[in-house]
Structure formats: structure tokens, C-alpha cells
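For the single chain, residues carry numbers from 1 onward in sequence order. Just so you know, ligand 1 is whichever comes first in the structure, and atom 1 is the first atom listed for that ligand.
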Amino acid sequence: MDLDGAALAQQLRAEFAPEVDGLLREGRRPRLVALQVGTNPATEAYIRGQRRGAEAWRIQYDLHTLPGDASEAEVRAALEALNASPSVTGILLQLPLPPHLPGRVLQLAIAPEKDVEGVTPTNLGALVHGRDGLAPCTALASIALLESSHAAIRGAEAVVVGHSEIVGKPVALLLLARDATTRVCHKFTKDLARHTREADLLVVAVGRPNLITPDMVRPGTIVVDVGINVVPNPEVPGKTRVVGDVDYAGLVAKGCRVSPVPGGVGPVTVAMLMRNTILAARKSPPPREEISVPLFPDS
Ligand code: NAP
């Protein structure tokens, strides 16, 4: 399969394995803590994916749960305790939060050096300087898929559809850092097809099935489909299935190379979360030596 996310995720895991070996040898096991407030069936699948990913990468994964009626101050206090804990090397706040809590505001309480989802202003700001240390995982995954296609990114016409803070904007900055001529389309773009037809590289992150149809692209375009949409399954009445934002079969028939949904960006996003957790662990202070100095050495 072209632009196979599962295969790329496995390759990334193999590339980072020696680094994990080194950290484990030094007694610095990367530890990722996910903080969840209340229960949310929509996040269950993400949590399962994170846990499975962490196990495969030999990262310790802990899910901390606060009650659904926790106050903003309680969530903030929990994040601050995780920030202060030397054994925690990565933190993520599972979104969405219950409606009374401001998710984006609370994410800002995560210490930037443990912000493995790359959502704090410090880590997003680093992207403007061309540094992609702890960048948002889905944006990193989109770039990794483009790079795995072996298409030239330098000088390419790159079009990003969607400009959210965690996907569209960081993808655009990562493309600029790789010298692509980059444009960003959004809800108010007057003629989306005029832009997408000029793309060599197209990243679509909107959340609307069938937004990109074959008439909107040229043959040969490399397309990363970030969208996740649950739609009725035409083959099994009463059941649903997950599709992306592009007409996958139509674009492939037109001669484009397209990342599938599921099986494209998703597994690589989990791999990038693990990659970020390892980078954060590498920069965390080494474990403190037990210092046993006698209190009264001369006695
Ligand atoms: P988001 O915050 O809702 O952002 C969607 C973006 O699309 C916004 O910038 C919006 O513009 C723009 N938009 C809306 N309608 C448009 C249109 N007709 N034409 C062009 N742009 C339009 O969503 P997100 O978090 O970036 O996620 C986007 C999609 O990716 C979702 O389906 C999400 O589930 C999926 N996703 C997948 C992964 C993964 O691991 N595979 C991870 C994250 C997200 P305005 O802001 O102007 O409304």
C-alpha cells in the first residue's frame, strides 16, 4: 500500500529503539502520563492506541483520571503536580474536556519540556524558528508521510487545507522550514479547487468527507488525508465506517498518491507521540544519585 502509515510507524519505532535502549540502560525509562477528566467514549479509542503504542515502544504509560465535575483549579493542580514529578517525562491532557473546562487554556499549564503533544506556545513558537523538537504529533506525522513518499519537498507547491493550531498551521510551518512554497486554504478561501489543482503536495485537515474530489487535483499529486469522519457504511446498513476528507478511490484513479484513512496519518501520529516522549525523556534531568553523606563524619 502506498503511504502506508502502519509500516512507517513500525519503521520509526525501529529507528528509535537504540535510543530507548540507551535511556533504559541509564535508568531513565520514558514515562508518559495522560490526564483525563471524566469519561468520554470518543477518547477511548485514542487512549487504547496510546497505551498500545507506548507498550510497543517500551514507554511507561499511565492514565490519570479526575472526576467529570473536577474544577479548573483541580485540573491545573494535577498538571502542576505532573510537571513537578521527576519520574514523569511526558504529559498530555486528553481532549475534549467536559464543557465547563477550557481545554486549550488548561493545556498551557503543561511544562513545555514535558509537552509531548506540542501544544504549548513555547513549542508552537519554536516552529516559527524552524525547530521542530516537540511539534504537534499529527503535523509531524503528515510531514513524515510526505517524506516517506520520496517526493521533493524543497521548491514544491504545497497546499494545506485547514488552519487549526494543532494540524494546519504547524504543517504549513514545517513545510516552509523544508523550503516548500506553501499556501494555506481555509473556510473563507474563495476558490479552493484553483489552489488544490496547483498542488504538488496536498495536506487536507478539515473534518469534511469528500471535500477533495478528483476534479480538484492533478495526476501525480501526493495527498496526505488527515481527516477523520464517521459516516454511514453503504455496504452494511445501520453500521458506520471511518473515512478521510478526500475521495480516496477517485483520487487514486486520477493518478494521485493518497494516504489512506484509516491506516495513514493515524498510526504515524501515535508514533510521533512516542518520538516526542523519547525526545523529552532524553532532555529530562538524569535520575538523582542517592547521596549518603554521614551526618557526623568524625563521630
Ligand atoms: P479543526 O480544529 O476543526 O480545524 C478544521 C479546519 O478546517 C479549520 O481551520 C477550518 O477553518 C477549516 N475548514 C472548515 N471548513 C472548510 C472548508 N470548507 N474548506 C477549507 N477549510 C475548511 O480540526 P483539526 O483538529 O485540525 O482536525 C481536522 C481533521 O483531522 C478532523 O477530521 C480531525 O478528526 C482529524 N484529525 C486527525 C488526526 C489523526 O491522528 N489522524 C489528528 C488530529 C485531527 P475555520 O477555522 O476558519 O473554521
Side-chain angles (χ1 to χ4, degrees), residues 3-6 8-9 12 34 40-53 92-97 102-105 107 116-119 124 127 135-146 148 158-175 182-199 202-213 215-217 223-231 240-248 258-276:
L3 301 173
D4 180 343
L8 179 55
L12 287 163
N40 186 336
T43 57
E44 294 305 317
Y46 292 125
I47 291 170
R48 274 198 305 278
Q50 288 163 9
R51 195 183 289 286
R52 265 202 310 267
L92 68 86
L93 179 61
Q94 213 80 57
L95 297 186
L97 295 178
R104 287 289 295 136
V105 173
Q107 278 180 322
V116 289
E117 286 194 301
V119 291
L124 288 170
L127 288 176
C137 305
T138 306
L140 286 172
S142 304
I143 298 297
L145 276 164
L146 287 176
S148 77
V159 175
V160 182
V161 187
H163 64 160
S164 72
E165 286 144 36
I166 59 150
V167 192
K169 283 193 185 94
V171 165
L173 289 167
L174 290 166
L175 284 164
T182 305
R183 60 185 116 167
V184 182
C185 300
H186 47 77
K187 209 165 50 179
F188 298 104
T189 298
K190 283 194 188 123
D191 183 355
L192 182 59
R194 178 170 76 76
H195 299 285
T196 54
R197 267 188 220 116
E198 289 176 10
L202 178 62
V203 179
V204 189
V206 171
R208 239 181 81 177
N210 241 18
L211 179 69
I212 308 295
T213 46
D215 56 305
M216 296 171 73
V217 290
V223 183
V224 172
D225 189 354
V226 181
I228 299 178
N229 307 288
V230 181
V231 297
T240 56
R241 64 179 180 140
V242 174
V243 298
D245 288 349
V246 317
D247 170 1
Y248 178 84
V258 187
S259 69
V261 179
V265 174
V268 190
T269 295
V270 175
M272 288 302 176
L273 178 63
M274 302 309 148
R275 170 250 192 211
N276 281 358

Steps toward side-chain contact (heavy atoms from CB on, under 4.5 Å) verdict (Leu124, Lys169): CA-CA 9 Å; Leu124 288 170; Lys169 283 193 185 94; over 6 Å; no
Heavy atom of the protein closest to atom 8 (C) of ligand 1 (residue, atom name, distance): His163 CD2, 3.8 Å
Atom 18 (N) of ligand 1 - nearest protein heavy atom and its distance: Arg208 NH1, 3.1 Å
Proximity to ligand 1 by part of Glu165, non-hydrogen separation under 4.0 Å: neither
Under-4.0 Å heavy-atom contact with ligand 1, by part of Val167 that carries it: side chain
Thr189 touching ligand 1 at heavy-atom level, < 4.0 angstrom: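 Flag not set, Thr189 not near ligand 1.
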Within-shell test, Gly168 vs ligand 1, heavy atom, strictly < 4.0 Å: no
Only heavy atoms count here, so choose which of [options] is nearest to [atom].
atom	options	answer
atom 3 (O) of ligand 1	Val184, Val206, Asp225	Val206
atom 48 (O) of ligand 1	Lys187, His186, Lys169	Lys187
atom 1 (P) of ligand 1	Ser164, Gly162, Ala139	Ser164

Nearest-0.5 Å distance that lies between atom NE2 in His195 and atom CG in Leu202: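 Taking NE2 in His195 and CG in Leu202, the distance rounds to 12.0 Å.
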Candidate list Asn210, Asp225, Val217, Val258, test side-chain contact (heavy atoms from CB on, under 4.5 Å), partner Asp247, passing option: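 Filter result, single survivor: Asn210.
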Results of side-chain contact (heavy atoms from CB on, under 4.5 Å) for Ala193 - residues two or more places apart only: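 Ala193: side-chain contact (heavy atoms from CB on, under 4.5 Å) contacts with Asp191, Thr196, Arg197, Met216.
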Do [X] and [Y] make a side-chain contact, defined as non-hydrogen atoms from C-beta onward lying under 4.5 Å apart?
X	Y	result
Val223	Ile212	no
Cys137	Val116	no
Asn40	Gln94	no
Pro262	Ile228	no

Any nitrogen or oxygen of [X], side chain or backbone, less than 3.5 Å from one on ligand 1?
X	answer
Asp245	no
Thr269	yes
Ile228	yes
Tyr46	no

Which ligand 1 atoms are under 4.0 Å away from a heavy-atom of [X]?
X	value
Val265	41 (N)
Ala205	5 (C), 6 (C), 7 (O), 28 (C)
Val226	30 (O), 35 (C), 36 (N), 37 (C), 41 (N)

Pair Val226-Asp245, side-chain contact (heavy atoms from CB on, under 4.5 Å): steps then yes or no: CA-CA 7 Å; Val226 181; Asp245 288 349; 5.9 Å; no
Residue pair Leu146, Val224: steps toward the side-chain contact (heavy atoms from CB on, under 4.5 Å) verdict: CA-CA 7 Å; Leu146 287 176; Val224 172; 3.6 Å; yes
